[in-house]
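Written below as structure tokens is the structure these notes are about.
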Amino acid sequence: MVFCQGKTTEQILSILRLMRERHATVLATRASEEVARAVQEAFPEAEYNPRARTLVIRSPAAATVVHKDHTVLVVCAGTADIPVAEEAVVTAETMGCHVERLYDVGVAGIHRLLDHSAQLASADVIIVVAGMEGALPSVVGGLVHCPVIAVPTSVGYGASFQGLAALLTMLNCCAPGVVVVNIDNGFGAGYFASIIVKKS
């Protein structure tokens, strides 16, 4: 994996060339559109997800083994949280997970979440992405019997303190089975979910 933020385009390309010599698949995160254009020029096979700001470079001969018997469900509270959720999706898919999405089901309209209780119950791992006060993972954790990975986002008004309020809420979750990654860390959540699935 290459974390692009803070690196020059030349540095990113140099790192990607080295990684492609060693790996059939390479994931780059936090890639701007400018970086994506340069990478796709150097690696025409690179797939760019502008919402997730991710690039995936796969060798044409590389076959990703998808663990279809296990489902990672990515749940997103609001539309503004989708970029972080998509980073989790791309990461888990790149790691070979079967991933489903359930977006815009925040606690401000709890009926939207409850309408999908069967989908929640059938998941093997659930990643829950939320900003504001970060209450959604506690609710989901109280409804399911599988691991829940909570991802606080920096989305919210001033008192959210760029995601700190959501982070603290999630760390203080009373529902069992909920773990928390850092603010806006969709990659960390997707990677951790893939480890759980592969151990199942």
When rounded to the nearest 0.5 Å, the distance separating NE2 of His145 from CG of Leu120 is 11.5 Å
Where the side chain of Tyr48 meets the backbone of Ala31, is there a donor-acceptor pair that is under 3.5 Å apart? yes
Spell out, as yes or no, whether a donor-acceptor pair under 3.5 Å connects the side chain of Arg112 to the backbone of Asp104. yes
Hydrophobic cluster identity match, Ile149 and Leu171, side-chain contacts under 4.5 Å: no
Rounded to the nearest 0.5 Å, what separates atom CZ in Phe3 from atom CD1 in Ile12? 10.0 Å
Considering all heavy atoms of both residues, which atom of Gly190 and which atom of Thr91 are nearest to each other, and what is their separation? C-CG2, 3.9 Å
Heavy-atom side-chain contact between Leu73 and Gln119 under 4.5 Å: yes
Residues Ser138 and Ala175: closest non-hydrogen pair is O-CB, 3.6 Å
Looking at Ser14 and Glu10, would you say the former's side chain and the latter's main chain have a donor-acceptor pair under 3.5 Å? no
According to a hydrophobic-cluster definition based on side-chain heavy atoms being under 4.5 Å apart (Ile, Leu, Val, Met, Phe, Trp, Tyr only), do Ile82 and Ile127 belong together? yes
Taking every heavy atom of Gly141 against every heavy atom of Val148, the minimum-distance pair comes out as CA-CG2, 4.1 Å
Do the side chains of Leu113 and Leu136 get nearer than 4.5 Å, heavy atoms only? yes
Can you tell if the side chain of Val90 reaches within under 4.5 Å of the side chain of Phe187, non-hydrogen atoms only? no
Write down the atom of Phe43, the atom of Arg20, and the distance for their closest heavy-atom approach. CE2-CG, 3.8 Å
Beyond-backbone contact of Leu102 with Ile126, side-chain heavy atoms, under 4.5 angstrom: no
State, yes or no, whether a side-chain contact exists between Ile15 and Lys7 at a heavy-atom distance under 4.5 Å. yes
Would you confirm whether Asn182, through its side chain, and Asn185, through its main-chain N or O, come within 3.5 Å as a donor-acceptor pair? no
Are Phe161 and Leu167 connected in the hydrophobic side-chain network, where two residues link if heavy atoms are under 4.5 Å apart? yes
Without swapping roles, check the side chain of Lys198 against the backbone of Met95 for a donor-acceptor pair under 3.5 Å. yes
Can you find a heavy atom in the side chain of Leu114 that is under 4.5 Å from one in the side chain of Leu143? yes
Is there a chain of hydrophobic side chains (I, L, V, M, F, W, Y, each step under 4.5 Å between heavy atoms) that links Val35 to Leu16? yes
Val89 with Val129, same ILVMFWY side-chain cluster at under 4.5 Å: yes
Ile57 versus His23: any side-chain heavy-atom pair under 4.5 Å? no
Assess the residue pair Arg101 and Glu86 against the criterion (salt bridge (Lys or Arg N to Asp or Glu O under 4.0 Å)); give the C-alpha distance rounded to whole Å, side-chain angles, the decisive distance to 0.1 Å, and a yes or no. CA-CA 9 Å; Arg101 296 170 174 86; Glu86 281 295 300; 2.7 Å; yes
Counting N and O atoms only, with roles assigned by atom type, does the side chain of Arg37 sit under 3.5 Å from a partner on the main chain of Gln40, one being a donor and the other an acceptor? no
What are the two closest non-hydrogen atoms of Ser154 and Asp184, and how far apart are they? OG-OD2, 2.7 Å
Quick one: OG on Ser160 to OH on Tyr157, what's the gap to the nearest 0.5 Å? 10.0 Å
